[in-house]
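Beneath this line is the structure, given in structure tokens, with notes to follow.
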Amino acid sequence: MKLFSWLEGRQQGTEYKKFCFLFCKIGHLGLDGYILRYEPNTTLPPHRDTIDGKHYRLNIEIYGRGDFISEKIIFSVFKKIYLFRPDISTHSVVNHSTKRYVLSFGVAFFD
């Protein structure tokens, strides 16, 4: 992972980029942090981010407006902050007519 630069998102054919500002793995523990930038009217199709282990992600909407959709959310605050398991819960994003920025932190416990 390349730190401190904008990279294309994992979902092919979508209009979003990610800026990695934190990435480390220590033994069976992985930590990451991104700023996600969605262009207006971007849609991320339903998907899972599978790993060999458990993965938790905290997303905080910091600018713009969009809809985060997930099979199961551990908790949500004001439809702006979400904690979920992207490895076991299918999730998607529908962005509205403005740019949108999301602060995203991940913790992985690898097998």
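Residue indices begin at 1 and follow the sequence shown.
Between the side chain of R48 and the main chain of P86, no donor-acceptor pair closer than 3.5 Å is present. The main-chain N or O of E71 is never found under 3.5 Å from a side-chain atom of H91 such that the two would form a donor-acceptor pair. In this structure, the side chain of D32 does not engage the main chain of C20 through any donor-acceptor pair within 3.5 Å. D87 places no side-chain N or O within donor-acceptor distance of the main-chain N or O of I51, the cut-off being under 3.5 Å.
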Next item on the list: Show your working on side-chain hydrogen bond (donor to acceptor under 3.5 Å, both in side chains) between T98 and R65 and close with a plain yes or no.
Entry: CA-CA 7 Å; T98 63; R65 192 168 154 257; over 6 Å; no

Check: Given V94 and I69, is the side chain to side chain contact (heavy atoms under 4.5 Å, CB included) satisfied, shown in steps?
Finding: CA-CA 8 Å; V94 176; I69 302 154; 4.2 Å; yes

Note to self: I'd like to know whether N41 forms a side chain to side chain contact (heavy atoms under 4.5 Å, CB included) with S97, so could you lay out the CA-CA distance, the side-chain angles of the two residues, the decisive distance to 0.1 Å, and finally the verdict.
What the structure shows: CA-CA 5 Å; N41 303 311; S97 59; 4.2 Å; yes

Notebook entry, point to check: Could you walk me through whether L29 and F109 pass the side chain to side chain contact (heavy atoms under 4.5 Å, CB included) check?
Noted result: CA-CA 5 Å; L29 176 68; F109 300 96; 3.8 Å; yes

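In this structure, NE2 in H55 is found 10.5 Å from OG1 in T50, a value given to the nearest 0.5 Å. Atom CZ of residue R85 and atom OH of residue Y56 lie 4.5 Å apart, to the nearest 0.5 angstrom. For the atom pair OG1 of T90 and CG of D49, the computed distance is 10.0 Å after rounding to the nearest 0.5 Å. Between the CZ atom in R57 and the CD1 atom in I74 there is a gap of 12.5 Å [rounded to 0.5 Å]. To the nearest 0.5 angstrom, L103 atom CG is 8.5 Å from L36 atom CG. Expressed to the nearest 0.5 Å, how far CG of N59 lies from CD1 of I81 amounts to 10.5 Å.
Applying the salt bridge (charged side-chain N to carboxylate O under 4.0 Å, His left out) rule to K17 yields the partners E8; only residues at least two apart in sequence or on another chain are considered. Shown here are the ring-ring contact (aromatic ring centres under 6.0 Å, His included) partners of F110, two or more places apart in sequence or in another chain: there are none.
With a 4.5 Å cut-off on side-chain heavy atoms, K99 and P40 count as touching.
Applying the side-chain hydrogen bond (donor to acceptor under 3.5 Å, both in side chains) test to pairs two or more places apart or on separate chains, those with a residue in residues 72-82 are E61-K80.
Contact record, S92 with P45: CB-C, 3.8 Å, taken as the closest heavy-atom pair. Scanning all heavy atoms of the two residues, the minimum distance from F84 to I73 falls at CB-CA, 4.4 Å.
Linking ILVMFWY residues whenever their side-chain heavy atoms come closer than 4.5 Å, directly or via other members, places F4 and V102 in the same cluster. In this structure, V107 is not a member of the same hydrophobic cluster as I26, with clusters built from ILVMFWY side-chain heavy atoms closer than 4.5 Å. Both I62 and L83 sit in one connected hydrophobic cluster of ILVMFWY residues. Membership requires side-chain heavy atoms under 4.5 Å apart, directly or through other members.
Between F105 and F21, the ring planes are perpendicular. Angles over 60° get that label, and only those under 30° would be called parallel. Classified by interplanar angle (parallel below 30°, tilted 30° to 60°, perpendicular above 60°), the ring pair F19/W6 is tilted.
Seen from the ring of Y63, R100 does not count as a face-on cation partner, given the 6.0 Å and 45° thresholds.
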